[in-house]
Undergrad: 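Dropping a structure here in structure tokens format, bear with me for questions.
Computed from a predicted structure; not experimentally measured.
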Amino acid sequence: MRLRRPGALLVVAALLALAATPAAASPGRDSRKQGADPLGIEARSWALMDAETGELLTSHAARQKLPIASTTKLMTAWVTLHEARLSQIVRARRYIPEYGESLMGLRTGQRISIHDLLYGLILRSGNDAAHTLAIEVGGSIPRFVSQMNRDARAMGLTDTHYANPVGLDQKGNYSSAADLATLTRHLLAIPAFAKIADTREVELRSVRPRRRIATINELLEMAPWVNGVKTGHTFGALYVLVGSGRRKGKELIAVAIGAPSDEYRFSDDLKLLEYGFTLYRHRTPVHAGEQLALPTIRYTDGSLPLRAAHGLTVDTRRGEHLGVQVRAPHQVEGPIRRGAKLGRASVFVAGRPAGTVALEAGRAVPKAGFLDRSREWVEDHPVPIVVALFVILMVGVSLYRRRGRGSTAT
């Protein structure tokens, strides 16, 4: 349709601008206008997870399937860690990058260990590292991607599907904030990965000449308690970040997908982590030396205090129930040395086991003597004793009567 008058063009342009405004605003912005996001997170989708329990502490559009850029490499690392040896030496495969791709800087045919490739994968987000790992570990890109999807299903990542091991924008390569947090939770339980994710700079020792690489994850420099994890960026995904931190004995995972800028993804994750740690507080349900049980001592009238071997401090969120379960004998018998382990106390937070402490004898208990044992036996067996005494009495009476009859006959 052709418009002839300039005024009509201006009206149509204005209407188009008004119609485009809601579409341009991200779901996060909409929710903030409604007061649903007091944290001021700019990302399109985000989640904060307790790494110990897997519980989502707060989130927005956490199940929305979105492109995730290079955080795809987290599953590339997972498959590699389960299918290859870190010490294995491989040759870098030829990789032809497009303009602007993040690279580790491999030379085709270069010898390098799986261990060093993983550093290049996570610290530098090297697409060339992901390409080499996929072919060396899976035999081919398609087979490796199939393994990625099998592992995702086995892990219960229902919002996730992979189309490549790199994270380039491609149909069928997506995940959600909740799934990324779950995958990261499993990865951080692997010591080798946790160490890589928490590394600022490392020397690659398997390459010749040796070289040093530094992380591009600026979140690691924003707080001393941050310990990972992985950045991502493409035109389709915008800016993505999976971050983690350990503080007050608690580890949290923050995910931001679709942040509008590089700066916002880092500030979003930092806000989420800092907020998460404010939800927890230290509580000490068991103190060192605290008496938690008092069993009786067999053969005596005394009792033995059982005390906590050490204190136990846990982190709980507001409203979580804290409970202590004591398992100890009701009665003990000497000899017992002071400090002997005679039970345990278990602490539960919201029904989940949070720690255990041994119970120790508060004093020594000597072996019971013959008189103590005899007295208890008498106290514990009154009926047999009465019967025995009655029998003895009757036998005595019978013998006495017999002797009396014998004397009369004489």
Undergrad: For the residue pair Phe277 and Trp225, is the inter-centroid distance of their aromatic rings smaller than 6.0 Å?
TA: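 When the ring centroids of Phe277 and Trp225 are compared, they turn out to be within the sub-6.0 Å range.
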Undergrad: Hey, does the side chain of Gln147 reach the backbone of Phe144 with a donor-acceptor pair shorter than 3.5 angstrom?
TA: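 Side chain of Gln147 to backbone of Phe144, a donor-acceptor pair under 3.5 Å: no, none is there.
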Undergrad: For Gly172, is there any backbone N or O sitting under 3.5 Å from a side-chain donor or acceptor partner on His161?
TA: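 Side chain of His161 to backbone of Gly172, a donor-acceptor pair under 3.5 Å: yes, one is there.
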Undergrad: Side chains of Leu81 and Leu86: does their closest heavy-atom pair fall under 4.5 Å?
TA: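 Yes - at least one pair of side-chain heavy atoms lies under 4.5 Å apart.
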Undergrad: Checking Asp315 side chain against Tyr280 main chain: does a donor-acceptor pair fall under 3.5 Å?
TA: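 No; zero donor-acceptor contacts below 3.5 Å.
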Undergrad: For Glu101, does its backbone N or O pair with a side-chain atom of Asn127 as donor and acceptor, under 3.5 Å?
TA: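 Absent.
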Undergrad: Using 4.0 Å as the upper bound for N to carboxylate O, is an ion pair formed by Asp159 and Lys65?
TA: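 Looking at Asp159 together with Lys65, the answer is no, because their closest N to O distance does not fall below 4.0 Å.
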Undergrad: Would you check if Met49 and Thr182 make a side-chain contact, meaning some heavy-atom pair closer than 4.5 Å?
TA: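 With C-beta onward as the side chain, the pair touches.
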Undergrad: Give, for atom OG1 of Thr71 and atom CG of Leu241, the distance between the pair rounded to the nearest 0.5 Å.
TA: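 Reported to 0.5 Å precision, the distance equals 9.0 Å.
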Undergrad: With a 4.5 Å cut-off on side-chain heavy atoms, are Val324 and Ser346 touching?
TA: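 Side chain of Ser346 against side chain of Val324, heavy atoms only: no contact under 4.5 Å found.
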Undergrad: Between Ser206 and Ser113, is there a donor-acceptor pair closer than 3.5 Å when you use the side chain of the first and the backbone of the second?
TA: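 Yes; judged by distance alone, with no hydrogens or angles, the pair exists.
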Undergrad: Do Leu187 and Val229 have side chains that get closer than 4.5 Å, going by heavy atoms?
TA: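 Not in contact.
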Undergrad: Enter the distance from Leu359:CG to Glu290:CD here, rounded to the nearest 0.5 Å.
TA: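 One gets 10.0 Å once the value is rounded to the nearest 0.5 Å.
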Undergrad: With salt bridge (charged side-chain N to carboxylate O under 4.0 Å, His left out) as the criterion, how do Glu360 and Lys341 come out once you've worked through the C-alpha distance, each side chain's angles and the decisive distance to 0.1 Å?
TA: CA-CA 5 Å; Glu360 298 179 340; Lys341 303 292 190 297; 3.1 Å; yes
Undergrad: Distance-only, no hydrogens or angles: does the Ser59 side chain make a donor-acceptor pair with backbone N or O of Ala62 under 3.5 Å?
TA: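 No.
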Undergrad: Would a 4.5 Å heavy-atom cut-off, applied to side chains only, mark Ile213 and Tyr119 as touching?
TA: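 Yes - at least one pair of side-chain heavy atoms lies under 4.5 Å apart.
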Undergrad: Using 4.0 Å as the upper bound for N to carboxylate O, is an ion pair formed by Glu201 and Arg212?
TA: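 Salt bridge present between Arg212 and Glu201.
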Undergrad: Ignoring hydrogens and geometry, is there a side-chain-to-backbone donor-acceptor pair from Asn164 to Leu168 under 3.5 Å?
TA: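 Yes; judged by distance alone, with no hydrogens or angles, the pair exists.
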Undergrad: For the side chain of Arg265 and the backbone of Gly232, is there at least one donor-acceptor N/O pair under 3.5 Å apart?
TA: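 Looks like yes, one N/O pair under 3.5 Å.
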Undergrad: What's the shortest heavy-atom distance between Gly109 and Arg91, and which atoms?
TA: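 Shortest heavy-atom separation between Gly109 and Arg91 comes out as O-NH1, 2.9 Å.
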Undergrad: Can you tell me which residue among Asp269, Asn227, Asp198 is in a side chain to side chain donor-acceptor pair (under 3.5 Å) with Ser244?
TA: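 Single side chain to side chain donor-acceptor pair (under 3.5 Å) partner of Ser244 among Asp269, Asn227, Asp198: Asn227.
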Undergrad: Locate the shortest heavy-atom distance separating Asn217 from Gly228; write the atom from each residue and the value.
TA: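 Distance-wise, the nearest heavy atoms are ND2-C, 3.5 Å.
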Undergrad: Where the side chain of Glu83 meets the backbone of Thr80, is there a donor-acceptor pair that is under 3.5 Å apart?
TA: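 Absent.
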Undergrad: Between Leu117 and Met104, is there a side-chain heavy-atom distance shorter than 4.5 Å?
TA: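 Yes - at least one pair of side-chain heavy atoms lies under 4.5 Å apart.
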Undergrad: Taking only residues at least two apart or on different chains, which pairs with a member in residues 125-153 satisfy salt bridge (charged side-chain N to carboxylate O under 4.0 Å, His left out)?
TA: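 Passing the test, one end in residues 125-153: Arg93-Glu136.
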Undergrad: Verify, without hydrogens or angle tests, whether Thr132 (side chain) and Ala129 (backbone) share a donor-acceptor contact under 3.5 angstrom.
TA: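 A pair under 3.5 Å: no.
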Undergrad: Per the salt bridge (Lys or Arg N to Asp or Glu O under 4.0 Å) rule, which among Arg185, Arg246, Arg317, Lys250 passes with Glu52?
TA: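 When Arg185, Arg246, Arg317, Lys250 are each tested with Glu52, the salt bridge (Lys or Arg N to Asp or Glu O under 4.0 Å) holds only for Lys250.
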Undergrad: Quick one: closest heavy-atom pair of Ala309 and Val357, and the distance?
TA: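 Nearest heavy atoms, Ala309 then Val357: N-CG2, 3.8 Å.
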Undergrad: Are any of the side-chain heavy atoms of Leu294 and Leu306 separated by less than 4.5 Å?
TA: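 SC-SC contact between Leu294 and Leu306 ruled out.
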Undergrad: Could you tell me if the side chain of Lys73 sits less than 4.5 Å from the side chain of Ser125, heavy atoms only?
TA: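 In short, these two side chains touch, coming nearer than 4.5 Å.
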